[in-house]
*Asks:* 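This is the structure I have questions about; it appears just below.
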Protein chains: 2
Amino acid sequence: MTRELKALAGIKLFEGLPKAQLESLVEITLLKQVKVGETLFEAGQPGTHFYAVVSGKVRVYRSAPSGKEQILNVFGAGESFAEVPVFEGKTYPASAQALEDSVLVSIARKGFVDVLRREPELALGVMALLSGRLRAFVTQIAQLSLKEVPERLAGYLLLLRAAQNTDALTLDLPKGQIAAYLGTIPETLSRALKKLTDQGLIETSGNRVRVIDAEALAHLAEAGR
Amino acid sequence: MTRELKALAGIKLFEGLPKAQLESLVEITLLKQVKVGETLFEAGQPGTHFYAVVSGKVRVYRSAPSGKEQILNVFGAGESFAEVPVFEGKTYPASAQALEDSVLVSIARKGFVDVLRREPELALGVMALLSGRLRAFVTQIAQLSLKEVPERLAGYLLLLRAAQNTDALTLDLPKGQIAAYLGTIPETLSRALKKLTDQGLIETSGNRVRVIDAEALAHLAEAGR
DNA sequence: ACCCTGGTTTGACTTTAGTCATGGAACGCG
DNA sequence: CGCGTTCCATGACTAAAGTCAAACCAGGGT
């Protein structure tokens with residue numbers, strides 16, 4: 001049981017939760033190992049558990065019949081996902097797949113709701129988490145609808161730059177996945193990178209990108225359609 | 001004070017809330033009258049209140065510098081909105097504007113959080129509400145990224161059809177607003193309506209649309225890019 | 001060292017949707 | 001009863017991004 005407890009303790013959402021409650025969560029927790037490419041669940045399936053990443057990386061996405069995919073989120077260690085069906089008791093709104101070999105915990109809906117009733121602070125934490133997700137989606141919707149690909153790319157690079165705190169970025173995902181996150185396809189992403197390079201805003205080599213002119217990037221990212 | 005209480009009682013989110021708690025909410029509630037076109041708040045402003053619609057209609061949207069707008073949601077009587085900054089304590093992620101003369105209530109963040117601590121069932125209701133919103137956004141993102149305008153339109157018409165429970169639909173918004181909701185512009189919406197009409201799926205006259213071939217519409221809405 | 005594979009880039013082309021401009025229909029107001 | 005404002009439809013054009021196909025490159029395994 002100790003492994004489960006340690007796994008739960010590493011989840012951001014559960015920071016500050018009294019040990020007693022953590023232990024009661026252990027009882028409804030399952031550790032899960034998945035390999036790269038493995039699908040955790042598909043959009044439309046009934047969802048009775050939610051997940052958190054102990055180690056590894058998972059992407060949440062929707063796909064069209066044609067095969068094109070739109071990534072909604074990428075989750076790493078300490079992050080939880082697939083909360084929606086817990087509170088709605090319906091289906092998963094999107095699909096999830098491991099981007100790397102990963103260790104996950106899955107937590108049953110029912111028991112979790114009980115803990116929420118007893119722990120208002122955790123409940124507030126969940127609300128804040130969901131709100132943050134909403135904010136991110138609002139941004140993503142606005143980007144998809146109001147901005148063109150190079151502008152979305154500029155915004156993404158600036159986010160990476162802020163996260164990595166350097167101008168010498170390492171792309172955190174393969175380019176095809178970044179394309180799917182930006183709502184486009186690899187060919188178009190490739191051309192957008194070329195365009196930014198030609199304009200002297202960045203330099204690229206492999207999965208590394210150097211930000212040359214952050215201000216111009218920011219200005220570009222601001223622009224609207 | 002009675003008017004405030006009656007207004008609060010009509011909000012879906014507060015259904016089933018004990019009277020005592022409703023009354024404690026009254027103290028942090030403000031009734032607000034707005035005229036058509038009036039802006040309630042703009043994306044980026046610090047948000048310390050959330051709102052509910054007593055009567056009228058409000059749209060929540062993001063706009064690009066160019067003037068193009070993307071509608072995220074349209075709220076009618078009984079619905080609440082702008083919860084995000086309550087739980088995150090930051091800015092409004094989008095702007096809100098009255099589509100009709102409306103009566104709203106605004107509820108202060110701080111007091112509301114206190115009530116949430118005392119009322120786990122309300123807290124669960126909020127989580128369900130936020131989850132439903134997330135689900136809707138996931139759908140919207142998928143539509144924007146994976147479907148073309150006529151397909152999005154088909155999906156929208158089917159939703160209207162389900163809501164109005166008839167094949168003889170009345171558009172609930174001016175077409176320009178529907179365009180902004182679908183992530184396009186009026187001209188393109190106009191052409192999409194024509195296309196569906198030419199294909200014999202619908203007939204239109206003014207703000208009325210008759211669904212002729214619901215099955216074909218559904219099939220179209222399924223299609224992906 | 002070689003081959004295979006998957007990811008990436010590039011080019012030519014097509015399609016979709018946005019832009020701009022114009023005209024028409026409907027509604028409200030004097 | 002007209003007048004104007006707003007909304008909507010249409011046409012001609014442009015621009016953005018997707019499709020298809022081919023070449024390229026890099027790494028892992030043999």
Side-chain angles (χ1 to χ4, degrees), chain A residues 36-37 59 63-71 97 99-101 143-154 170-199 202-209 220 223-225, chain B residues 35-37 59 63-71 99-101 143-154 170-199 202-209 220 223-225:
Chain A
V36 198
R59 69 176 184 137
S63 31
S66 68
K68 191 187 169 188
E69 295 178 341
Q70 171 65 47
I71 293 181
Q97 182 189 37
L99 285 174
E100 308 172 352
D101 291 347
Q143 298 255 331
L144 284 172
S145 175
L146 304 175
K147 308 216 195 258
E148 306 181 347
V149 172
E151 297 163 357
R152 288 179 234 159
L153 172 59
T170 304
L171 298 180
D172 51 349
L173 295 172
K175 288 183 184 170
Q177 298 301 312
I178 293 178
Y181 179 75
L182 295 178
T184 188
I185 56 175
E187 290 96 321
T188 300
L189 173 62
S190 181
R191 291 184 238 265
L193 279 166
K194 187 145 176 270
K195 186 173 173 188
L196 297 188
T197 304
D198 290 350
Q199 295 178 350
I202 59 172
E203 285 170 5
T204 75
S205 87
N207 71 341
R208 311 203 123 256
V209 175
L220 181 62
R225 212 195 288 246
Chain B
K35 295 170 315 207
V36 199
R59 69 175 184 136
S63 29
S66 69
K68 192 186 170 191
E69 295 179 342
Q70 172 65 47
I71 292 182
L99 284 174
E100 308 173 353
D101 291 347
Q143 298 255 332
L144 284 172
S145 174
L146 305 176
K147 310 219 193 257
E148 306 181 347
V149 172
E151 297 162 356
R152 288 180 235 161
L153 173 58
T170 304
L171 298 181
D172 52 348
L173 295 173
K175 289 184 183 167
Q177 298 301 310
I178 293 179
Y181 179 75
L182 296 178
T184 186
I185 57 174
E187 291 96 319
T188 299
L189 172 63
S190 181
R191 291 183 239 264
L193 279 166
K194 187 148 177 266
K195 186 173 174 187
L196 297 188
T197 303
D198 289 349
Q199 295 179 349
I202 60 172
E203 286 170 4
T204 74
S205 87
N207 72 340
R208 312 203 122 253
V209 175
L220 180 62
R225 214 193 289 244

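Order of the sequence lines fixes the chain letters, A, B, ..., with proteins taken first and strands second; residue numbering starts at 1 for each chain.
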*Asks:* Mind calculating the distance between CG (A/Leu144) and C1' (C/dT16) to the nearest angstrom?
*Replies:*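 Interatomic distance, CG of A/Leu144 to C1' of C/dT16: 16 Å.
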*Asks:* Pair A/Leu196, A/Leu220 - check side chain to side chain contact (heavy atoms under 4.5 Å, CB included), show working.
*Replies:* CA-CA 10 Å; A/Leu196 297 188; A/Leu220 181 62; 3.5 Å; yes
*Asks:* In this structure, how many angstroms lie between the C1' atom of D/dA17 and the NZ atom of A/Lys195, rounded?
*Replies:*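 Distance check: A/Lys195 NZ to D/dA17 C1' gives 11 Å.
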*Asks:* A/Lys147 NZ to D/dA15 C1': how many Å, rounded?
*Replies:*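 After rounding, the reported distance stands at 18 Å.
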*Asks:* Determine the minimum heavy-atom distance between B/Ala179 and B/Pro186, stating which atoms define it.
*Replies:*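 For B/Ala179 versus B/Pro186, the nearest heavy atoms are CB-N, 3.7 Å.
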*Asks:* Find the distance A/Leu99:CG to C/dG7:C1' and express it as a whole number of Å.
*Replies:*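 Roughly 15 Å, once rounded to whole Å.
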*Asks:* What residues, two or more places apart in sequence or in another chain, satisfy side-chain contact (heavy atoms from CB on, under 4.5 Å) together with A/Ala180?
*Replies:*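 Applying side-chain contact (heavy atoms from CB on, under 4.5 Å) to A/Ala180 gives A/Ile71.
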*Asks:* How close do B/Leu99 and B/Val36 get, counting heavy atoms only, and between which atoms?
*Replies:*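 Where B/Leu99 meets B/Val36 most closely, the heavy atoms are O-CG1, 3.4 Å.
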*Asks:* Please write out the pairs of protein N or O atoms and N or O atoms of nucleotides 13-15 of chain C separated by less than 3.5 Å, giving the distance to one decimal.
*Replies:*
none

*Asks:* So does A/Thr170 get a backbone contact from the side chain of A/Asn207, meaning a donor-acceptor N/O pair under 3.5 Å?
*Replies:*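 Not a single qualifying donor-acceptor pair exists.
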*Asks:* How large an angle, rounded to 10°, do the end axes of the helix from C/dA1-D/dT30 to C/dG30-D/dC1 enclose when each is built from five base pairs?
*Replies:*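 That helix gives 30° between its end axes.
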*Asks:* Go through residues 184-194 of chain A and report each residue with a non-hydrogen atom lying under 4.0 Å from DNA chain D, sorted by number.
*Replies:*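 Those residues whose heavy atoms fall under 4.0 Å from DNA chain D, taken from residues 184-194 of chain A in numerical order, are A/Thr184, A/Ile185, A/Glu187, A/Thr188, A/Arg191.
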*Asks:* Quick one: B/Gln143 CD to C/dA17 P, roughly how many Å, whole number?
*Replies:*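 Spelled out: CD on B/Gln143 to P on C/dA17 is 13 Å.
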*Asks:* Taking B/Lys68 for the side chain and A/Ser145 for the main chain, is one N or O donor matched with an acceptor at less than 3.5 Å?
*Replies:*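 The answer is yes, because a donor-acceptor pair under 3.5 Å joins these two groups.
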*Asks:* Measure the distance from CZ on A/Arg152 to P on D/dA16 and round it to the nearest whole Å.
*Replies:*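 Spelled out: CZ on A/Arg152 to P on D/dA16 is 13 Å.
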*Asks:* Is the backbone of B/Glu148 close enough, under 3.5 Å, to the side chain of B/Glu151 for a donor and an acceptor to pair up by distance?
*Replies:*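 Present.
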*Asks:* What is the distance from atom OG1 of A/Thr204 to atom CG of A/Leu193, rounded to the nearest 0.5 Å?
*Replies:*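 Atom-to-atom, A/Thr204:OG1 and A/Leu193:CG are 6.0 Å apart.
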*Asks:* Kindly state each residue pair satisfying side-chain hydrogen bond (donor to acceptor under 3.5 Å, both in side chains) with at least one member in residues 172-195 of chain B, sequence neighbours excluded.
*Replies:*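 Matches after skipping sequence neighbours: B/Arg59-B/Gln177, B/Tyr156-B/Asp172.
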*Asks:* Could you check how far NZ of A/Lys68 sits from P of C/dT16, rounded to whole Å?
*Replies:*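 Value for this atom pair: 14 Å.
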*Asks:* Just to be sure I understand the geometry, which residues of residues 173-183 of chain A put a non-hydrogen atom under 4.0 Å away from DNA chain C?
*Replies:*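 Within residues 173-183 of chain A, the residues near DNA chain C are A/Pro174, A/Lys175, A/Gly176.
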*Asks:* Give, for atom CG of B/Leu182 and atom CG of B/Leu153, the distance between the pair rounded to the nearest 0.5 Å.
*Replies:*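 Interatomic distance, B/Leu182 CG to B/Leu153 CG, rounded to 0.5 Å: 6.0 Å.
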*Asks:* Just verifying a value: how many Å separate A/Leu146 CG and B/Glu69 CD, rounded to the nearest 0.5 Å?
*Replies:*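 One finds 9.0 Å between CG of A/Leu146 and CD of B/Glu69.
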*Asks:* If I take atom CG in residue A/Asn207 and atom P in nucleotide C/dT9, what distance separates them, rounded to the nearest angstrom?
*Replies:*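 Going from CG in A/Asn207 over to P in C/dT9 covers 11 Å.
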